[in-house]
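Structure, as structure tokens:
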Amino acid sequence: MSALFRITGETQICIPTLETERLTLRAPEARDFDAYAAFRASPRSVTVGGPFPRAVAHEQFNAVIGHWHMRGFGRWIIENRDTQTAIGLAGLYHPEDWPEPEVAWSLFDGAEGQGFATEAARAARASAYDILGWDQVMSLIMPNNTRSVAVARRLGAILEGPYSHPKLGTLDLWRHLPVERILA
Amino acid sequence: MLAMEIGHWSLKGFGRFIVEEKTSGAAVGLVGPFEPYGWPEPELGWDLFDGHEGKGYATEAARASRDYAYGTLGWQTAISLVKPANIASARVCERLGCVLESTFTHERHGQMQVWRHPAPDALSDGGMEAYA
């Protein structure tokens, strides 16, 4: 009891957990921050606007969670179920300065080359279609990010054209297969 | 960065509230327990949005959030960090009975004053004493 306020409600942030063949997509937790910050500080993060100092990465990590509350969807930590380690992020992402929501993925250092991004992104896209009821979705990729372009191609996405972002410069907008083609 | 404020709750178990003006339903600011990266310790933070200053809302909300930190979260002490140029927030600190204790330099936010709040058992206007 307080003389200064009454607690009259409580708000929950709802983040579902998904399992694919090899991966678990789950809510970010405090224990994931070191791996996330290491990726955001690494040269590889240049493809997502980095590298970022740890203090900035901390705000961004908080915002990964807050995005779920603001939009009703967001990005998960990708956990390798075999090793039980956090290996990246994937999900649906719609920051204020994006033209529309996208399927997003990033793998932390050392997790590339095993098909994890494709497996996670495919599940994220399926959640957009099956859970959220979207009929189409895109991904924004820096043109020189050849690894992510390869993932987009593997997912059957088609290069639609350039998108000029105020801070990140020219990004390529990859249009994913529409829901009818996925379900067929 | 509103999404960051929300995620803070999930990662720390506490965070800042939106302050809503009851009569209008308008969001007028943010207040509450807050511990961004690189802070010396958890603080009670407040920000009023433009046009909502001068009505005592920061003081009312910060006082309630201090009671929440002490009574609900069990904090034994609390600080508030104030930028030297932020006279209005320093006034709020004084109204809340805080004492200017030291300065702290954050790698991104620069120099800030560290104001120490009265401990829970030193409060007569809230905190543990008000729990009768």
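Every chain is numbered from 1 and lettered A, B, ... according to where its sequence line falls, protein lines coming before strand lines.
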Using 0.5 Å steps for rounding, measure from the [atom1] atom of [X] to the [atom2] atom of [Y].
| X | Y | atom1 | atom2 | answer |
| --- | --- | --- | --- | --- |
| A:R31 | B:L11 | CZ | CG | 11.5 Å |
| B:M4 | A:H67 | CE | NE2 | 15.5 Å |
| A:S2 | B:R63 | OG | CZ | 11.5 Å |
| B:W9 | A:N62 | CH2 | CG | 13.0 Å |
| A:E96 | B:M1 | CD | CE | 12.0 Å |

Legend entry - Close side-chain approach of A:I65 to B:H8, heavy-atom, < 4.5 Å: no
Legend entry - Close side-chain approach of A:F5 and B:T72, heavy atoms under 4.5 Å: yes
Legend entry - Interchain contact, A:E59 with chain B, by part (heavy-atom threshold 4.5 Å): both
Which atom of [X] lies closest to which atom of [Y], heavy atoms considered:
| X | Y | result |
| --- | --- | --- |
| B:I6 | A:H69 | CD1-CD2, 3.5 Å |
| B:S10 | A:I13 | CB-CD1, 4.2 Å |
| B:R108 | A:V56 | NE-CG2, 3.5 Å |

Find out if a path of hydrophobic residues (ILVMFWY) with successive side-chain heavy-atom gaps under 4.5 Å connects [X] to [Y].
| X | Y | result |
| --- | --- | --- |
| B:L2 | B:F34 | no |
| A:I87 | A:L18 | yes |
| A:V151 | A:L89 | no |
| A:V48 | A:Y163 | no |

How about [atom1] on [X], more than 12 heavy atoms from neighbouring residues, nucleotides or ligands closer than 6.0 Å, or not?
| X | atom1 | value |
| --- | --- | --- |
| A:Q84 | CD | no |
| A:R81 | CZ | yes |
| B:E60 | CD | no |
| B:D50 | CG | no |

Inset, instruction - Identify which of A:P95, A:A30, A:A55 forms the greatest number of heavy-atom pairs closer than 4.5 Å to chain B. - result: A:A55
